[in-house]
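Below: one structure, written as structure tokens.
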2 protein chains.
Amino acid sequence: MRQAADLSCSPSIDAQQALARAETLCQQRGARLTDLRRRVLEIIWSSATPLGAYTILDVLRDDGRQGAPPTVYRALDFLLAQGLIHRLASLNVFTGCRRPGSHHSGQFLICRDCGRVSELSNPVIDELLRAETDARGFEVLARIVEILGRCPDCLKEPTRHG
Amino acid sequence: MRQAADLSCSPSIDAQQALARAETLCQQRGARLTDLRRRVLEIIWSSATPLGAYTILDVLRDDGRQGAPPTVYRALDFLLAQGLIHRLASLNVFTGCRRPGSHHSGQFLICRDCGRVSELSNPVIDELLRAETDARGFEVLARIVEILGRCPDCLKEPTRHG
DNA sequence: ATAACAAATGTTATTCTATAACATAACATC
DNA sequence: GATGTTATGTTATAGAATAACATTTGTTAT
Ligand SMILES: [Zn+2]
Ligand SMILES: [Zn+2]
Ligand SMILES: [Zn+2]
Ligand SMILES: [Zn+2]
């Protein structure tokens with residue numbers, strides 16, 4: 001059984017802002033934020049935790065829309081290319097970018113217990129990684145920084161995993 | 001077709017050292033480095049680039065050994081638990097740890113062109129990530145730092161990917 | 001308008017990655 | 001050697017991603 005995503009009926013304030021922001025950015029770039037792509041972005045933002053591609057697909061089907069895996073993966077590819085979402089490689093899930101507009105790799109704190117994700121943007125970390133790669137003559141194309149652990153909220157509760 | 005791993009007939013010097021090191025560590029810990037587990041570790045070290053689980057399975061079958069996915073995944077789980085290998089989440093592959101003995105998450109430079117991987121161990125990066133998580137009251141369980149790009153050797157050659 | 005072209009989506013099938021569940025074998029301890 | 005534990009064998013399935021091709025939609029030029 002797939003994860004039960006916490007999908008509210010209407011997008012949160014953040015989601016509305018993110019969608020508006022996406023509209024603006026795509027318009028500026030001449031990129032087409034189609035109905036499908038916008039809806040996928042909305043689904044992602046409507047969830048408190050990152051979603052897998054097949055969970056998104058389930059929601060699209062609940063919408064009454066036709067669809068198969070390529071449908072959602074193509075939309076995700078577009079959103080990734082536009083820097084509107086990030087993919088978390090350690091979980092195979094997708095989350096909305098809190099700082100779209102400037103393409104970046106992102107740094108993520110992922111809570112093992114509640115699944116929520118915080119996106120960091122620590123330039124010192126970027127700088128340090130750059131120094132390390134520069135010293136080795138390594139050309140960077142993408143950076144993946146994902147930290148798995150337990151968030152402050154979940155630390156307050158009795159541990160669920162030993 | 002699966003990737004053609006560069007598997008030499010005999011393990012390289014590094015592989016021999018790694019296997020000897022693994023023997024010692026497991027003996028000290030009372031962990032059982034069985035034939036299967038040792039062979040999987042050897043297969044991983046015998047490749048110039050990280051291997052996927054199913055590539056390892058193919059080699060096991062070439063050995064004449066019976067096996068199915070759980071066979072190799074269980075061996076990989078053991079080797080991961082012992083800190084003898086790392087999993088690269090961005091590629092779903094496994095690579096030998098260059099510094100076993102001290103369990104760590106590792107930091108990796110992955111070449112897009114030749115597939116080879118360098119394992120860093122920059123304590124400043126660890127320290128910086130710790131400071132960031134401490135400031136947020138986030139308890140760290142695992143860190144994933146993977147940098148995708150092009151290694152110095154491949155930069156010398158004409159680019160293959162534009 | 002409409003023909004021609006490009007971009008986006010629909011559709012079917014397949015590949016790759018990983019685990020669940022249960023059976024058997026090997027190993028250790030008493 | 002009986003018992004309990006650990007490791008492996010085996011079958012089936014779940015989960016993630018892409019290939020290949022058809023159709024639709026949008027854009028541009030005539
Ligand atoms: Zn971001
Ligand atoms: Zn939490
Ligand atoms: Zn290591
Ligand atoms: Zn290279």
Side-chain angles (χ1 to χ4, degrees), chain A residues 1-5 22 26-27 29-41 43-44 49-61 63-82 84-95 115 144, chain B residues 1-5 22 26-27 29-41 43-44 49-61 63-82 84-95 115 144:
Chain A
M1 192 52 174
R2 210 158 291 132
Q3 64 181 295
C26 287
Q27 202 158 9
R29 295 168 181 165
R32 293 173 53 194
L33 187 63
T34 62
D35 281 353
L36 174 63
R37 292 163 174 175
R38 187 185 301 105
R39 179 62 182 136
V40 169
L41 183 60
I43 291 168
I44 289 172
T49 59
L51 299 180
Y54 283 73
T55 303
I56 295 168
L57 182 55
D58 286 343
V59 178
L60 286 176
R61 284 173 169 158
D63 285 355
R65 200 184 279 264
Q66 335 149 259
T71 306
V72 61
Y73 278 104
R74 283 190 286 230
L76 291 170
D77 284 345
F78 172 86
L79 297 172
L80 285 169
Q82 295 298 323
L84 299 171
I85 62 173
H86 294 286
R87 178 174 185 272
L88 303 185
S90 61
L91 298 178
N92 298 324
V93 293
F94 301 85
T95 190
I144 296 173
Chain B
M1 191 53 174
R2 211 158 289 133
Q3 62 180 298
C26 287
Q27 202 158 9
R29 295 168 181 165
R32 292 173 52 195
L33 187 63
T34 62
D35 281 353
L36 174 64
R37 291 162 174 174
R38 187 184 302 104
R39 178 62 181 137
V40 169
L41 184 58
I43 290 167
I44 289 172
T49 58
L51 299 179
Y54 282 74
T55 303
I56 295 169
L57 182 56
D58 286 343
V59 178
L60 285 176
R61 285 174 170 158
D63 284 354
R65 200 185 279 266
Q66 344 157 245
T71 306
V72 60
Y73 277 105
R74 283 189 287 227
L76 291 169
D77 285 345
F78 171 85
L79 297 172
L80 286 168
Q82 295 298 324
L84 298 172
I85 62 172
H86 294 287
R87 178 174 186 272
L88 302 184
S90 61
L91 299 178
N92 299 325
V93 294
F94 301 84
T95 190
I144 295 172

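Nothing here was measured: the structure is a model prediction, and the numbers come from that model. In what follows, every heavy atom counts, from backbone to side chain, and hydrogens, waters and symmetry copies are set aside. We name chains A, B, ... by the order of the sequence lines, and we start the count at 1 in each one.
Counting only heavy atoms from C-beta on, B/Y73 has its side chain closest to C/dA18 among C/dA18, D/dA16, C/dT9. The listed nucleotides are D/dT18, D/dC21, C/dA20; the one nearest the side chain of A/R74 is D/dC21.
Protein atom CG of A/L80 is 10 Å distant from nucleotide atom P of D/dT18, rounded to whole Å. Rounded to a whole Å, the CG atom of B/L36 is 17 Å from the P atom of C/dA25. Look at CZ on A/R39: it is 19 Å from C1' on C/dG10, rounded to the nearest Å. The CG atom of A/D35 sits 18 Å away from the P atom of D/dT24 (whole-angstrom rounding). D/dT6 atom C1' lies 15 Å from atom CG of B/L33, rounded to whole Å. Separating the CG atom of A/D77 from the C1' atom of C/dA8 is a distance of 13 Å, rounded to the nearest angstrom. Note: CZ (B/F78) to C1' (C/dT19) measures 20 Å, nearest angstrom. For A/L76 and D/dA16, the CG to C1' distance is 12 Å, given to the nearest whole Å.
As judged by a 4.0 angstrom heavy-atom cut-off over every strand, A/T34 is placed among residues touching the sugar-phosphate backbone only. As judged by a 4.0 angstrom heavy-atom cut-off over every strand, B/R32 is placed among residues touching the sugar-phosphate backbone only. As judged by a 4.0 angstrom heavy-atom cut-off over every strand, B/R87 is placed among residues touching the sugar-phosphate backbone only. Heavy atoms of B/R37 sit under 4.0 angstrom from primed sugar atoms or phosphate atoms, though from no base atom.
Taking 3.5 Å as the limit, the base of D/dA17 and the side chain of A/Y54 contain a donor-acceptor pair of atoms between them. In the interface, the side chain of B/R65 is not paired with the base of D/dG9 through any donor and acceptor atom under 3.5 Å apart.
Side chain of A/R65 to backbone of A/L60: no donor-acceptor contact under 3.5 angstrom is found. Checked by atom type and distance alone, the side chain of A/R32 never pairs as donor or acceptor with a backbone atom of A/R37 at under 3.5 Å. A donor-acceptor pair under 3.5 Å is formed between the side chain of B/R61 and the backbone N or O of B/G67.
Salt-bridge annotation for B/D77 and B/R74: absent, with no side-chain N of the basic residue lying under 4.0 Å from a carboxylate O of the acidic one.
If you find the closest nucleotide of DNA chain C to A/P70 and to B/N92, the one lying nearer the 5' end belongs to A/P70. In terms of position on DNA chain D, the residue among B/Q66 and A/F94 whose nearest nucleotide sits closer to the 5' end is B/Q66.
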Side chain to side chain contact (heavy atoms under 4.5 Å, CB included) between B/F78 and B/V40, intermediate numbers included | CA-CA 10 Å; B/F78 171 85; B/V40 169; over 6 Å; no
